Each structure stands twice: as structure tokens, then as C-alpha cells.
2 protein chains.
Amino acid sequence: MTAKDRRIMALSLALAERKVIHLKEAAALMQVSEMTVRRDVAENPDLFGTLGAHIIPAGRPDLEAPYAIDRAAESHSVAKRQASIHALRYLQPDETVFIDCGSTLTHLVDLIPADTRLTVVCYAFNTAERMITKENITLILLGGVFHPTSASFAGASGADTLNALGINVAFLSASGVDRQRGVSCEQFHEVPIKRKAMEMAQRRYLVCDQSKIGRVRPAHFADVSDFDAIITEAGELPSDA
Amino acid sequence: MTAKDRRIMALSLALAERKVIHLKEAAALMQVSEMTVRRDVAENPDLFGTLGAHIIPAGRPDLEAPYAIDRAAESHSVAKRQASIHALRYLQPDETVFIDCGSTLTHLVDLIPADTRLTVVCYAFNTAERMITKENITLILLGGVFHPTSASFAGASGADTLNALGINVAFLSASGVDRQRGVSCEQFHEVPIKRKAMEMAQRRYLVCDQSKIGRVRPAHFADVSDFDAIITEAGELPSDA
DNA sequence: CGCTTACTGTTATTTTTATAACATTACTGG
DNA sequence: CCAGTAATGTTATAAAAATAACAGTAAGCG
């Protein structure tokens with residue numbers, strides 16, 4: 001193994017532990033010039049990426065994607081976050097909370113104050129990811145096969161695990177809400193978990209932006225009347241809307 | 001809501017979707033000067049962090065920790081990675097693989113080539129995290145309560161799920177390996193899963209660095225003879241070592 | 001209205017980072 | 001041992017980013 005290989009390995013290693021390392025630091029660490037580290041990094045784009053003078057592990061597609069200016073508007077991010085802000089009012093400290101998958105509720109997770117003690121049950125990767133850094137949250141993840149489309153896990157054991165849990169509040173998401181045809185989502189594999197979570201919870205809230213109202217999506221999982229409230233960016237939806 | 005609040009919200013929003021946004025881009029996006037964005041970011045250290053001119057979401061403790069020069073040596077990273085390189089030889093494409101928790105095997109995951117088709121079963125967050133970006137891997141995560149010490153999930157449903165799986169190879173980790181007193185780890189909650197995974201698998205490999213040899217840790221989970229091989233940085237350990 | 005205060009922008013200056021060119025050292029195969 | 005090549009370091013220069021100081025602008029309030 002050449003000195004170069006050793007360096008590259010050392011760098012990968014350091015990056016595996018930290019997520020970032022500064023160019024200058026890396027150079028000092030392996031006792032070579034910054035220029036050499038720069039060249040090492042540039043020669044291994046499959047291993048390393050950079051953010052300014054900071055070296056980061058490669059393969060973070062999110063870091064590379066360009067940002068369409070109105071992508072936020074398109075996906076109703078503002079409305080989703082606003083809805084989550086309203087939903088936050090229904091979250092009591094020290095309770096056990098179910099949080100559904102979907103981008104809307106990741107906002108809710110982001111908005112949970114750091115000092116709020118909670119037990120949170122979820123089955124989406126991006127939800128879990130945001131939770132593990134929060135010290136006051138006990139996280140329960142329902143496992144299963146990973147579905148990339150919704151970044152969530154699905155499997156029989158998820159529903160089983162729910163059976164053994166006492167859930168105070170469930171926050172559900174949906175991509176279609178129709179007074180007659182009920183509440184629906186895109187993925188069928190989410191249905192059993194959503195249903196079971198709703199069944200187990202004392203209180204059930206549907207959180208979504210208003211663009212979902214009137215839409216019908218393939219996987220039906222509940223009726224509008226099954227929820228204690230429907231929360232959108234405008235606050236709680238009147239029950240006769 | 002003041003214009004400033006709106007900006008800060010917009011920035012959080014953008015960061016929720018992308019993980020990074022460049023200062024210049026952010027300024028353009030909200031039509032203010034870079035200086036204003038800088039000030040917004042600086043005033044909300046609980047919301048935003050920065051890496052050079054790139055704005056990132058706050059609360060990434062890993063990005064802030066200082067790097068002890070010989071922390072890598074202390075934790076035997078090089079040996080661990082080397083052991084994982086050897087272990088890689090026992091991984092066959094198209095098989096179903098169980099991967100234990102622990103830092104050693106995160107190296108193994110990093111080393112899996114992008115084009116290798118696999119079904120991987122795991123129960124550690126950091127293992128799962130590295131897998132979800134790999135397109136050719138079907139991921140099955142065993143859920144349960146999250147244990148921060150080992151970044152893993154534990155619960156009855158994990159072992160249940162394993163029961164329904166056909167596993168070809170299991171890669172186990174350990175923090176103690178003693179010919180007489182067996183193989184052990186730090187956390188008791190890992191034991192049921194480790195045992196069940198070993199029971200279900202056709203082949204069982206223990207992957208650890210040699211510093212673990214001769215050590216005994218609190219939670220015993222197997223005997224040395226239960227493994228088809230023990231793989232360290234020196235390769236396969238002779239069965240009479 | 002006029003005053004104060006908070007926000008924002010501009011500019012100048014310093015520091016850091018990026019790039020390129022060239023010099024030096026180390027390694028390779030005859 | 002001696003090309004010849006790859007690897008590394010050094011330096012110069014250009015570009016980008018960080019900081020500070022000041023100027024203008026908008027908002028709040030008696």
C-alpha cells in the first residue's frame with residue numbers, strides 16, 4: 001500500500017466518524033500539504049465531496065441537487081410547515097405520540113422544542129433521523145422493509161409493535177381528503193400501520209395542507225369523521241367544511 | 001410576522017428540503033443582501049449552522065465535535081476497517097445478509113460496492129443510514145426502542161421479524177472474545193437479536209479487531225465455536241488461536 | 001410629526017480558499 | 001545507476017468569504 005492509499009484510507013476513516021473535516025485539519029492530521037489533500041479529494045469523487053474547504057463523505061445526493069426556486073411553493077412547504085405549527089398545539093409533553101410518514105410531519109418533528117419530553121412512535125426514516133438527536137425523546141421505530149418512495153418501513157411487525165403500545169395522540173398525514181370518499185394516501189403499505197395507529201390512539205389528528213382537500217388518492221385508510229380534527233395551514237378545519 | 005421572521009422561516013424551510021444552501025443562493029432566493037442572510041444565520045444558532053459559506057441546519061453535534069488526533073487509533077478504526085475488508089470476501093451478491101450493530105460493521109457497509117445486489121437486515125441506525133442511499137440494496141430494519149448508546153433498536157418484534165426471514169450470512173460484532181468465556185458485548189438488549197440472527201443464518205462470521213480478543217464484556221451471547229470464522233484485521237483467525 | 005431604535009445595505013479591508021505554474025522529491029523499470 | 005514518471009511541495013495570483021464600519025431606510029412611539 002502506497003503512502004497515498006494510506007492517506008485516502010485515513011481520510012475515509014476520519015470522515016466515517018466525523019461527517020466533516022476541514023482541509024487544513026486533514027492536512028495537519030496526515031502531515032502533508034493542503035495541496036496534496038486537495039488532490040487526494042479531487043481524485044476520488046466517489047469517496048469525497050467538499051463544501052468550501054470542508055471535506056465531506058461523497059454520496060449525499062441531497063447536497064448536490066440544484067434548488068428550483070419555486071420548488072418550495074410547488075410542494076406547499078410553507079403550508080405544510082404552517083399546518084405543523086398549528087398541530088404543535090395538540091402535542092402535550094410526556095405523552096406518547098404516533099407520527100406518520102410524509103413530508104408534512106417532518107416539519108412537525110423539526111418544530112418540537114428540544115426540552116419537550118416525549119415518547120414518539122414512527123415508521124419513516126426521515127422522521128426518525130430528526131428524532132435521534134433530540135435528547136428528551138424516546139424513539140420507537142416500527143421496522144420492516146424499507147420503501148424508498150415514502151422513506152418508510154413497512155411490515156407485519158410494525159402493527160404488532162403498535163399493539164403493545166399506549167398511544168395518546170396520533171398525527172396522521174394524507175395526500176387526499178374528501179368528505180365523501182374519505183382520507184387516502186399514495187402507498188398501500190402505509191395503510192395497515194395508519195389504521196392500527198389510529199385504532200390505538202386516544203386522539204387522532206390529520207395534518208395536511210389545504211391542497212389535499214377534495215383530492216382522492218389510491219390508498220384509502222380512513223373516513224374524515226374518524227379524526228378528532230383536521231389541521232391545515234388555516235388551523236383546525238371546521239367539521240362541516 | 002415581520003419580513004425578518006418570514007425570511008428565517010423560508011430559510012428553515014429550504015434547509016428542511018435540501019441539507020445545505022449556499023449563502024449567495026439564499027440571498028438571491030429571498031432577495032436580500034448576503035450580509036442580511038449572514039446576520040439572520042448568526043442570530044439563530046439554534047436553527048442554523050454554517051460550513052464556510054454554506055448554511056446547514058443546526059443540531060448536528062457531529063459537525064461540532066473537535067477531532068482528537070489519535071481518536072482513530074484509540075478506537076482501532078484502522079483495524080476495524082481492515083477487518084471489514086476481509087469480511088467483504090464472505091459476502092455473496094444476491095444473498096440475504098444480517099449486519100450487527102457496532103462501529104466495526106459500519107465499515108463493512110461502507111465497503112459494499114454500489115452495484116452489489118443484496119437484501120440486508122439490520123437493527124442499527126448508522127448501518128441503516130448508510131444503506132438507504134444504496135439503490136441495489138433491499139433494506140429490512142428491525143424496529144423497537146432506540147438505544148442511543150449503540151444507536152440501535154431493540155424490542156420483541158425484532159426477533160419476531162427475523163423468524164420470518166431466510167438469512168444466508170450473519171456478520172456479528174463483539175467487544176469481547178474469549179475462548180473459554182465466549183463472545184460478549186456491552187449492551188444486554190442486543191443479545192436476543194444477535195442470538196436469533198445467528199440461529200437463523202446459514203453462515204455466521206464474527207468481525208472484530210484483535211484488541212477484543214481475550215476481553216470479556218458484560219453481555220455474553222455466543223461461544224467462539226458458534227461461528228464459522230472469526231475475522232480480524234489479520235484475516236480469518238485460526239480456529240485454535 | 002420628530003425622535004429613537006432596529007434593520008438592511010454598501011463599501012472597504014482582511015483573511016481564507018481556489019487555481020495554476022513550477023520546483024523538488026520519490027518511485028519505477030530497465 | 002539512470003532515465004522518466006508520478007507524487008508532493010512551494011509559491012504566486014486570483015477569487016471568494018469573513019469582518020467591520022458606516023450610511024441609509026423603515027418601523028415604533030410619544
Side-chain angles (χ1 to χ4, degrees), chain A residues 1-15 18-60 62-67 69 72 78 81, chain B residues 1-15 18-60 62-67 69-70 72-73 78 81-82 85:
Chain A
M1 181 164 51
T2 80
K4 190 173 186 173
D5 295 335
R6 223 187 316 279
R7 274 201 319 267
I8 291 177
M9 174 148 169
L11 191 52
S12 317
L13 232 44
L15 281 175
R18 321 248 317 273
K19 303 289 179 168
V20 207
I21 193 162
H22 194 280
L23 185 63
K24 195 179 290 177
E25 207 184 344
L29 215 59
M30 5 218 196
Q31 323 238 49
V32 293
S33 72
E34 288 187 28
M35 202 56 230
T36 300
V37 180
R38 269 183 201 281
R39 289 194 264 241
D40 285 350
V41 170
E43 282 168 25
N44 296 73
D46 48 323
L47 248 39
F48 312 118
T50 98
L51 232 47
H54 303 266
I55 307 164
I56 57 174
R60 317 275 305 243
D62 46 319
L63 302 193
E64 285 143 33
Y67 189 62
I69 298 185
V78 178
R81 174 160 288 234
Chain B
M1 181 164 51
T2 80
K4 189 174 187 171
D5 295 335
R6 222 187 317 279
R7 274 203 317 269
I8 292 179
M9 174 148 169
L11 190 53
S12 317
L13 232 45
L15 281 175
R18 321 248 318 272
K19 303 290 178 166
V20 209
I21 193 163
H22 193 281
L23 185 64
K24 196 178 289 177
E25 208 183 343
L29 216 59
M30 3 216 195
Q31 323 238 47
V32 294
S33 72
E34 287 186 28
M35 202 56 230
T36 301
V37 180
R38 271 182 201 281
R39 290 193 263 242
D40 285 350
V41 169
E43 280 167 26
N44 297 73
D46 48 323
L47 247 39
F48 312 118
T50 117
L51 232 48
H54 302 266
I55 308 165
I56 56 173
R60 317 276 305 243
D62 45 318
L63 303 193
E64 284 143 34
Y67 190 60
I69 297 183
D70 31 31
V78 178
R81 175 161 289 236
Q82 202 59 48
I85 290 174

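Every value quoted in this text rests on a predicted model; they were computed, and no experiment measured them. The figures here come from the full heavy-atom set of this structure, side chains too, leaving out hydrogens, waters and symmetry mates. Every chain is numbered from 1 and lettered A, B, ... according to where its sequence line falls, protein lines coming before strand lines.
- Rounding to whole angstrom units, NZ of residue Lys4(A) and P of dG9(D) are separated by 11 Å.
- Residue-level contact check: His22(A) touches the backbone only, with heavy atoms under 4.0 Å from sugar-phosphate atoms and none from bases.
- Taking atom CD1 of residue Ile55(B) and atom C1' of nucleotide dA17(D), one finds them 13 Å apart after rounding to whole Å.
- Taking 4.0 angstrom as the limit, Arg7(A) places a side-chain polar atom (N or O) nearer than this to OP1 or OP2 of dT8(D).
- Atom CZ of Arg38(B) is separated from atom P of dA21(D) by 16 Å (rounded to the nearest Å).
- Chain B approaches DNA chain C over the interval dC7(C) to dT10(C), counting the first and last nucleotide 5' to 3' with an atom under 4.0 Å from its heavy atoms.
- Distances shown here put a side-chain N or O of Ser33(A) below 4.0 Å from the OP1 or OP2 atom of dG9(D).
- Shortest non-hydrogen contact noted between Ala26(A) and Leu11(A) is CB-CD1, 4.1 Å.
- Within the 3.5 Å criterion, the main-chain N or O of Asp5(B) finds a donor-acceptor partner in the side chain of Thr2(B).
- The side-chain heavy atoms of Arg7(B) and Thr36(B), taken from C-beta on, include a pair separated by under 4.5 Å.
- Here the options are Leu47(B), Leu13(B), Val41(B), the test is side-chain contact (heavy atoms from CB on, under 4.5 Å), and the partner is Ile8(B); only Leu47(B) passes.
- His54(A) has its side chain out of reach of His54(B): every pair of non-hydrogen atoms, C-beta onward, lies at least 4.5 Å apart.
- For the pair Ile21(B) CD1 and dA17(D) P, the computed distance is 14 Å after rounding to whole Å.
- Place Ala53(B) and Arg39(B) on DNA chain D by their nearest nucleotides, and Ala53(B) ends up nearer the 5' end.
- If you measure from atom CG of Asp40(A) to atom C1' of dT8(D), you get 10 Å, rounded to the nearest angstrom.
- Nearest heavy-atom pair across Ile21(B) and Ala14(B) is CD1-CB, 4.1 Å.
- The separation between Glu25(B) atom CD and dA16(D) atom P is 15 Å, rounded to whole Å.
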